[in-house]
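Values below: all heavy atoms of this structure, side chains included; hydrogens, waters and symmetry mates excluded.
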Amino acid sequence: DVQLVESGGGLVQAGGSLRLSCAASGFTFDDYGIGWFRQAPGKEREGVSCIASRDNSTYYADSVKGRFTISSDSAKRTVYLQMNNLKPEDTAIYYCASDYSKGAFICLFSPDYWGQGTQVTVSS
């Protein structure tokens, strides 16, 4: 079975940094797009940043460009999201998600496979 396990969330002051990790198993890593979505209370789910491991193409939501960086390590079957200069508006549950052969633009779709989520809270 496809499994996605997130880690790295926590509580941080505005301006601080966190690095999220998504460990993947149960599928051919480079055949899938993988990325990060977030859900905050009262807001729609949004695609934050996604990556195609095959060619390292990426997608970023406008709200995180210049602050977040996504990367992929095929050998470790892990995708990372480095989050810098965090803002209170970034507070949400962050989910790792994947789908077959959709590339970085899975951020614009609803992927088939999801992790359990990790909470990110940014205080002001």
Main chain of [Y], side chain of [X]: is a donor-acceptor contact present, judged purely on distance under 3.5 Å?
X: Gln116; Y: Glu6; value: yes
X: Ser98; Y: Ile34; value: no
X: Ser63; Y: Ala61; value: no
X: Gln39; Y: Ala92; value: no

I need the minimum non-hydrogen distance between [X] and [Y], along with the two atoms involved.
X: Ser49; Y: Cys107; answer: C-SG, 3.4 Å
X: Ser17; Y: Val12; answer: N-CG2, 4.0 Å
X: Leu86; Y: Met83; answer: CD2-CB, 3.8 Å

Arg38 and Thr91 side chains, donor-acceptor separation under 3.5 Å: no
Any side-chain donor near an acceptor of the partner, Gln82 and Thr69, under 3.5 Å: no
Audit row: Asp112, Tyr100, side-chain contact (heavy atoms from CB on, under 4.5 Å) steps and yes/no: CA-CA 8 Å; Asp112 285 344; Tyr100 179 75; over 6 Å; no
Which residues share a side-chain hydrogen bond (donor to acceptor under 3.5 Å, both in side chains) with Gln119, sequence neighbours left out: Thr121
Intermediate values then yes/no, side-chain hydrogen bond (donor to acceptor under 3.5 Å, both in side chains), Asp30 and Ser74: CA-CA 7 Å; Asp30 286 346; Ser74 294; 2.9 Å; yes
Arg77 to Phe27 six-membered ring, cation-pi geometry met (6.0 Å, 45°): yes
Verify same cluster id: [X], [Y] (apolar side-chain graph, 4.5 Å):
X: Phe37; Y: Val122; result: no
X: Tyr113; Y: Val79; result: yes
X: Ile70; Y: Tyr95; result: no
X: Val64; Y: Leu81; result: yes
X: Leu4; Y: Tyr59; result: no

Value rounded to 0.5 Å, distance of CD1 in Ile51 from CG in Asn56: 4.5 Å
Value rounded to 0.5 Å, distance of CZ in Arg45 from OG in Ser110: 4.5 Å
Flag side-chain contact, heavy atom, 4.5 Å: Tyr32 against Ser53: no
Whether Tyr94 and Phe68 hold their rings parallel, tilted or perpendicular, with breakpoints at 30° and 60°: tilted
Intermediate values then yes/no, side-chain contact (heavy atoms from CB on, under 4.5 Å), Phe29 and Ser72: CA-CA 10 Å; Phe29 189 79; Ser72 177; 3.2 Å; yes
Candidate list Asn85, Asn84, Asp90, test side chain to side chain donor-acceptor pair (under 3.5 Å), partner Arg67, passing option: Asp90
Trp36/Cys50 under side-chain contact (heavy atoms from CB on, under 4.5 Å): CA gap, chis, key distance, verdict: CA-CA 6 Å; Trp36 296 93; Cys50 294; over 6 Å; no
